[in-house]
Amino acid sequence: MKIEDLEKKFQDRIDAGEKIEPKDWMPEKYRKTHIRQISQHAHSEIVGMLPEGNWVTRTPTLRRKVGLLAKVQDEAGHGLYLYSAAETLGISRDEMFRQLHTGKAKYSSIFNYPTMTWADIGTIGWLVDGAAIINQVMLTRTSFGPYARAMVRICKEESFHQRQGFEMILTLCNGTAIQKEMAQDALNRWWWPSLMMFGPRDEESPNTEQSVKWKIKRKTNDELRQQFIDITVEQAKVAGLTIPDPDLKWNEERGHHDFGAIDWSEFWRVVKGNGPLNKERLKARNDAWDNGEWVRDAAMAHSEKQAQKEELKKAV
Amino acid sequence: MSNQEFPIWEVFIRSKNGLEHRHVGSLHATDATMAMENARDVYTRREEGVSIWVVESKNITASNPENQGELFEPAKDKAYRHPTFYELPIELKHM
Ligand SMILES: [Fe+2]
Ligand SMILES: [Fe+2]
């Protein structure tokens with residue numbers, strides 16, 4: 001079959017709502033886009049453990065510690081589900097790690113911001129996981145089977161992440177004036193970076209059209225961002241916090257909230273590697289990989305020895 | 001020997017007795033023991049299973065989507081394998 005015919009058949013399958021599985025024929029660009037998107041999503045889960053891991057030893061109570069530990073462990077799991085999904089497309093796990101460690105592959109820029117106070121941990125659960133959920137719920141219906149299945153599993157786990165974060169924030173808001181101030185300060189710092197998590201505006205997002213056509217994305221960046229804002233405004237009200245945007249107001253006509261201009265120069269600065277913690281995050285991942293080398297070697301040597309022992313037993 | 005990637009294993013989980021094992025995903029491990037332990041940690045953190053199978057991926061033979069036609073099409077025109085193919089009177093209540 002000619003390539004155009006194959007491509008047409010492929011698009012027909014997508015239009016009919018069929019899922020694409022790893023061994024099916026697919027356009028090279030579909031494969032490449034997925035490898036890039038899924039691996040970067042996996043990297044985000046893995047790097048995303050660092051800001052919160054920073055507070056695991058300093059939680060105010062044991063209840064918070066078990067919750068936070070379980071959440072961080074989930075994020076490791078999410079990374080693993082996603083790495084396996086990407087591997088079905090023919091890229092190796094080590095190659096993906098190499099791309100992360102050399103800075104070739106990106107991860108979500110939000111994780112390049114520091115977690116300075118305990119309120120930051122609550123805010124991450126509330127806003128960062130909240131934004132991730134909106135994106136991930138959409139992705140449960142994405143056209144590539146292994147990615148969609150990983151997303152279903154991930155979404156089931158995410159809702160606890162957001163709830164534990166929002167509960168932390170509510171606790172602070174119902175505490176002393178200083179505690180409430182801490183929650184407000186964290187919201188002030190995380191609000192705009194959270195909005196940037198959905199990516200550039202639609203008109204500056206040249207891949208969106210193709211992604212929508214292939215049903216990789218089913219909503220545009222701006223649609224998702226708007227959805228997030230509308231939901232979060234109500235949550236902030238419940239907590240009694242003020243969203244740091246003087247232009248934020250309900251637009252009856254649109255049925256959505258209007259909001260102020262996002263500082264895209266900050267977004268691009270962080271994406272390009274010049275955020276507050278880009279270098280530290282990359283170093284932490286590289287150190288973990290390098291310092292783990294002897295463990296990986298030992299595990300491999302141990303298994304080989306066990307296998308030899310088995311052989312010997314059989315021979316006797 | 002460093003930088004040698006651990007083999008890939010496929011993981012199957014029985015969510016409760018009475019149900020079959022279902023494929024849930026894959027992972028890397030040096031051997032079956034590690035694959036089992038990793039499967040427990042990665043895929044059953046919330047009581048998702050009562051039994052786990054792990055199989056090294058290289059031991060699975062999969063059908064090729066390109067042979068879809070020859071494999072599955074012959075079953076398409078065999079409606080007579082389904083109960084609805086057979087016409088029975090409406091008065092017949094149970095069958
Ligand atoms: Fe996650
Ligand atoms: Fe999460």
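A, B, ... follow the sequence lines: proteins, then strands. Residue 1 opens every chain. Side chains are part of it too, since the values below use all heavy atoms of this structure and drop only hydrogens, waters and symmetry mates. Remember, predicted model here, so these are calculated numbers, not experimental data.
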Quick check on B/A62 against chain A: is it the side chain, the backbone, both or neither that has a heavy atom closer than 4.5 Å?
both

Tell me, out of A/A150, A/P146, A/A299, who's got the most heavy-atom pairs with chain B below 4.5 Å.
A/A299

What option among A/R149, A/E21, A/E157 has the most heavy-atom pairs under 4.5 Å with chain B?
A/E157

Tell me, please, which residues at least two apart from A/E167 pass side chain to side chain donor-acceptor pair (under 3.5 Å).
A/R63, A/R64

Exceeds 12 heavy-atom contacts within 6.0 angstrom, atom [atom1] of [X]:
X: B/E56; atom1: CD; value: yes
X: B/R22; atom1: CZ; value: no
X: A/R98; atom1: CZ; value: yes
X: A/E28; atom1: CD; value: yes
X: B/R46; atom1: CZ; value: yes

What heavy-atom pair brings B/E5 and A/D94 nearest, and what distance separates the two atoms?
OE1-N, 2.7 Å

Taking every heavy atom of B/P65 against every heavy atom of A/K23, the minimum-distance pair comes out as CG-O, 3.3 Å

Can you measure from [atom1] ([X]) to [atom2] ([Y]) and round to the nearest 0.5 angstrom?
X: B/T30; Y: A/Q306; atom1: OG1; atom2: CD; answer: 9.5 Å
X: A/R296; Y: B/H28; atom1: CZ; atom2: NE2; answer: 12.0 Å
X: B/T33; Y: A/H302; atom1: OG1; atom2: NE2; answer: 7.0 Å

With a 4.5 angstrom heavy-atom cut-off, is it the side chain or the backbone of A/R153 that approaches chain B, or both, or neither?
side chain

Checking heavy atoms, do the side chain of A/F97, its backbone, both or neither come under 4.5 Å from chain B?
neither

Taking a cut-off of under 4.5 angstrom between non-hydrogen atoms, the residues of residues 65-90 of chain A near chain B are A/Q73, A/D74, A/G77, A/L80, A/Y81, A/S84, A/E87

Can you list the residues of residues 35-57 of chain A that sit under 4.5 Å from chain B, counting heavy atoms only?
none

Chain A interface, residue from B/V42, B/I8, B/D41, B/L27 that has the most non-hydrogen pairs under 4.5 Å:
B/V42

Inter- and intrachain pairs under salt bridge (charged side-chain N to carboxylate O under 4.0 Å, His left out), touching residues 67-80 of chain B, at least two apart
B/E73-B/K76

